Amino acid sequence: MPAKITQFLFNQGTNLKLMTVVNDKIKEEVREIVYDFFAEECEVAIEEITDASNIITDLGGDSLMFLALIEIFTKKYDQEIDLKTIGKYSIKHPVETIGELVDMQLKIIEHGNNIINIEA
Amino acid sequence: MKTAFIFPAFVTEYFGNELALLNELSADLPKYLAKASELTGDNYENFSPNNPEFIEHELRSQIISYTIGCCLSDALAFKKLLPDIMAGYSMGLYAALYTGKAIQFEEGIRLIEQAYLLAQKATKDLKTGMGSVIGLTVDEIQLIINEHHLKIDIANINSRHAHLISGPLEDLKQLLFLAEETGALHVTRLLVETPYHSQLLADTQEAFGQYINENISVRNVQYPLISSIDQRLFFSADEITKELTNNLFKRLNWQATFEILLSKGVQQFIECGAGKSLYNISRFVPGDFKVYPMNRLKILPGSFA
């Protein structure tokens with residue numbers, strides 16, 4: 001069952017933005033999905049994956065996997081994400097490890113397309 | 001349940017244990033490699049997935065990919081696993097034609113070599129290449145091409161947000177840079193200098209067609225084959241020749257090809273080649289199906305006991 005997430009609208013200037021509160025349950029759920037995904041796709045025992053695992057050099061992952069994960073989470077949390085905003089965010093905040101990927105995914109869930117405007 | 005055999009083009013990422021996997025299925029791999037060596041004058045018996053001489057050399061990588069595809073499909077046929085329908089991804093077309101008995105193994109090698117020579121001739125004074133753009137739609141990439149007057153073709157629509165591009169090297173580099181600035185998740189140049197599926201190779205059509213007519217005994221294919229270019233089903237020798245010549249310079253739409261296969265009731269796809277590039281692309285197609293790369297054939301329902 002998808003975790004129940006709280007979404008609310010707030011006004012910031014003239015723009016209405018959709019925000020999601022990321023609680024501990026969502027954090028755990030995202031981590032579990034990311035770990036399961038890479039264990040399955042890279043055929044690696046889940047026990048061998050850590051937050052410090054490098055997605056490409058340690059696990060043999062690729063950018064298509066990143067895209068696939070984004071699609072999994074946008075469906076799961078019913079988000080409408082413009083991929084270009086994530087691409088632009090990725091240039092400033094490149095992802096190399098599983099831990100960084102989990103963090104970025106949580107930011108996407110929390111901020112949606114507004115991710116491009118956050119600092120860290 | 002309908003089964004499709006799908007054939008990858010040259011492979012850039014191997015599992016690493018392809019030889020062991022193939023040897024479990026068939027004792028004939030050395031014969032195929034010896035034949036490829038004999039036909040080309042090159043040494044394919046030294047092939048190893050970790051040897052850059054095979055991965056980074058464009059012609060060798062095509063020939064080894066073709067050889068593995070042929071060996072694997074023969075091994076599956078020996079075990080009575082036959083396709084209901086087939087599709088070849090780019091240069092994977094040659095192994096599909098071999099599997100469908102439209103050409104012989106030797107003819108496939110000669111076709112690959114001739115296509116490569118004609119492509120080199122067509123681009124001899126040009127620096128060219130191919131690249132990958134992940135995260136933009138075809139319209140978003142085309143907009144960049146149009147706005148910056150780049151002589152780049154979108155070579156292959158792999159999925160809604162994954163494309164290959166092809167053309168002159170400087171324009172290619174510029175497009176990759178602009179795509180990243182626009183918000184692509186990932187851009188990269190491929191280990192390919194020949195601009196396959198671009199208009200730069202349009203001039204190969206006549207010469208390649210003539211070569212095929214004069215040197216290759218193309219026969220009707222024994223299993224339905226779907227075009228990766230326009231998704232039509234074709235069987236006849238004439239249609240095969242047309243597909244072979246078009247395959248060098250026309251855009252492929254693998255996403256549409258895959259969707260047509262699903263619409264025809266295919267639920268099981270066997271990736272007849274090394275690596276799992278087609279499995280990776282298939283993640284983005286919705287539907288109730290499974291793709292089995294070489295390393296997952298053991299879990300194929302009801303086979304290889």
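As the structure is a computational prediction, the values presented were derived from the model and not from experiment. Chain naming here is simple, since letters A, B, ... match the order of the sequence lines and numbering starts at 1 in each.
Contacts between A:Ile70 and chain B at a heavy-atom distance below 4.5 Å involve the side chain alone, from C-beta outward. Contact of A:Ile91 with chain B is made through the side chain alone, with heavy-atom distances under 4.5 Å.
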Find the N and O donor-acceptor pairs between chain A and chain B that sit under 3.5 Å apart.
from    : atom 1 : to       : atom 2 : distance (Å)
A:Glu40 : O      : B:Arg296 : NH2    : 3.3
A:Glu41 : O      : B:Lys276 : NZ     : 2.5
A:Glu41 : OE1    : B:Tyr279 : OH     : 3.4
A:Glu41 : OE1    : B:Arg283 : NE     : 3.2
A:Glu41 : OE1    : B:Arg283 : NH2    : 3.0
A:Glu41 : OE2    : B:Tyr279 : OH     : 3.4
A:Glu43 : OE1    : B:Asn295 : ND2    : 3.2
A:Glu43 : OE2    : B:Asn295 : ND2    : 3.0
A:Lys84 : NZ     : B:Glu140 : OE2    : 2.7

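For B:Phe284, there are no ring-ring contact (aromatic ring centres under 6.0 Å, His included) partners at least two apart in sequence or on another chain. When the side chain to side chain contact (heavy atoms under 4.5 Å, CB included) test is applied to A:Ala52, the partners found at least two apart in sequence or on another chain are A:Thr50.
Here the closest non-hydrogen pair linking A:Ile49 and A:Ala39 is CD1-N, 3.6 Å. What you find for A:Ile56 and A:Gly61 is that their closest heavy atoms are CG1-O, 3.8 Å.
In this structure the side chain of A:Ile118 reaches within 4.5 angstrom of the side chain of A:Ile115, judged on heavy atoms. Residues B:Ile165 and B:Leu176 are in side-chain contact: their nearest non-hydrogen atoms beyond the backbone lie under 4.5 Å apart. For the pair B:Val291 and B:Phe258, the minimum side-chain heavy-atom distance is below 4.5 Å.
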